[in-house]
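Here's the structure, in structure tokens; my notes come after.
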Amino acid sequence: MSNVARVAVLVSGRGSNLQALLDAAADPWFPADIVRVVANVPGVFALERAAQAGVPTSTVVSKGRAREDFEAEVLAQLGEVDIVCLAGFMRVLTGAFLDRFPSRVMNIHPALLPAFPGAHGIRDARAYGTTVAGATCHLVDNGVDTGPILAQGGVPVLDDDTDESLAARVLAIEHRLYPMCLRWMAEGRVTVEGRRAKVKLLPGETRWLGG
Ligand code: GAR
């Protein structure tokens, strides 16, 4: 990896996590540049956010296509990148794709993994009746939301929460976690031993954000 890591972000929707990464990367001291945003759904707001920030975008439609075809086209659009960030990207990537970026594909998930993986982390946590919810930033492996955990953060679940109100508080945690973890990755401070990610923390840094 050169001094400044080249990062691609894959998105499927409104892109608020993408925005958090773009905002962080706008700081000239941030150790990563976002060089490409790829959406698998046409016209999503995340594409507008990227364009606003002057980042090149591509749309590669996934619906109704074989995963291999879709991923081959995404890879072609990515070009040379060091790190791939999934930010509200609602597709599972194959092992063949992940092998191109070993331990360098990151994801943000709106639950305290390993609880509530999948597409409905917030709804599932509320339905289960947990008193704490949160977000996890992790590396992506062949499973669904199962890769080594980089950092997590939590918020209380309130009696009068709706899915929307809880999601909003969890999202605020996501927006703090993701740039922090991308910094660690870009600075080469993350190593992986089996299931566990290890991070060389600087004074004052923490892998748990309370809320
Ligand atoms: C975020 O809450 C993210 O954690 C979640 O989708 C939302 C996307 O919001 N991802 C997943 O559930 C992946 N399993 P955003 O487009 O505003 O970043």
Side-chain angles (χ1 to χ4, degrees), residues 7-26 32 34 36-53 55 57-60 62-63 67 70 74 83-94 97-98 105-128 130 132-155 157 161-182 185 208-209 211:
V7 177
V9 185
L10 307 192
V11 296
S12 303
R14 74 190 154 179
S16 72
N17 278 289
L18 166 66
Q19 190 68 57
L21 297 176
L22 289 169
D23 291 349
I34 298 175
R36 166 88 33 193
V37 170
V38 180
N40 69 320
V41 180
V44 291
F45 189 58
L47 290 167
E48 209 162 299
R49 295 180 191 269
Q52 282 282 339
V55 175
T57 64
S58 323
T59 299
V60 181
S62 57
K63 200 170 176 185
R67 289 213 291 179
F70 165 70
V74 172
I83 297 170
V84 177
C85 289
L86 311 185
F89 180 69
M90 302 311 250
R91 287 274 299 199
V92 174
L93 294 166
T94 65
F97 184 99
L98 297 173
V105 180
M106 305 171 66
N107 184 39
I108 188 81
H109 181 73
L112 291 171
L113 294 171
F116 313 121
H120 305 288
I122 297 284
R123 190 185 78 188
D124 294 347
R126 270 192 74 241
Y128 195 91
T130 61
V132 62
T136 303
C137 189
H138 65 96
L139 296 174
V140 177
D141 67 6
N142 283 321
V144 176
D145 301 326
T146 52
I149 289 171
L150 296 165
Q152 295 181 293
V155 295
V157 180
D161 260 330
T162 59
D163 285 353
E164 291 70 30
S165 64
L166 181 58
R169 289 205 309 289
V170 169
L171 203 59
I173 296 273
E174 295 181 39
H175 296 164
R176 290 168 60 201
L177 280 177
Y178 216 167
M180 177 177 94
C181 292
L182 178 56
M185 290 288 293
W208 167 256
L209 301 179

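One-based numbering, in listed order, for ligands and for the atoms of each.
- For the ligand labelled ligand 1, residue Gly15 lies inside the 4.0 Å heavy-atom shell.
- The nearest non-hydrogen atom to atom 13 (C) of ligand 1, considering only Arg91, Met90, His175, Glu174, comes from Met90.
- Numbered from 1 in the order shown, with element, the atoms of ligand 1 that lie under 4.0 Å from a heavy atom of Ser16 read 15 (P), 16 (O), 17 (O), 18 (O).
- If you number the atoms of ligand 1 from 1 as listed, the ones under 4.0 Å from a heavy atom of Gly118 come out as 14 (N).
- Among protein heavy atoms, atom 8 (C) of ligand 1 sits closest to Gly88 CA, 3.6 Å.
- When side chains are defined from C-beta on, Met185 does not count as touching Val7, because their heavy atoms never get closer than 4.5 Å.
- Counting heavy atoms closer than 4.0 Å to ligand 1, residue Leu171 contributes side-chain atoms (C-beta onward) but none from N, CA, C or O.
- Every heavy atom of Ala135 sits 4.0 Å or more from the atoms of ligand 1.
- Under 3.5 Å, the side chains of Arg91 and Ser12 contain no donor-acceptor pair of N or O atoms.
- The nearest protein atom to atom 9 (O) of ligand 1, hydrogens excluded, is given as Arg14 NH2, 3.2 Å; this is a heavy-atom distance.
- Nearest heavy-atom pair, Gly134 versus Val170, reported as atom, atom and distance to 0.1 Å: O-CG1, 3.4 Å.
- Of all the heavy atoms in Pro179 and Glu174, the pair that sits closest is CD-O, 4.3 Å.
- Counting only heavy atoms of the protein, atom 12 (O) of ligand 1 lies nearest to Pro110 CD, 3.4 Å.
- By the 3.5 Å distance cut-off applied to N or O atoms, Asn107 is not counted among the residues near ligand 1.
- Shown in contact with Ile108 at under 4.0 Å from a heavy atom are these atoms of ligand 1, numbered in order with element: 4 (O), 10 (N).
- Counting all heavy atoms, side chain and backbone alike, Val60 lies closest to Phe70 at O-CE1, 3.1 Å.
- Contact check for Leu112 versus Thr130: no side-chain heavy atoms found under the 4.5 Å cut-off.
- Pairing each heavy atom of Ala51 with each of Thr57, the nearest pair is N-CG2, 4.4 Å.
- Residue-level proximity to ligand 1 for His120 is absent, since no heavy atom of it falls below 4.0 angstrom.
- In this structure, the side chains of Phe97 and Arg67 stay at 4.5 Å or more apart for every pair of heavy atoms.
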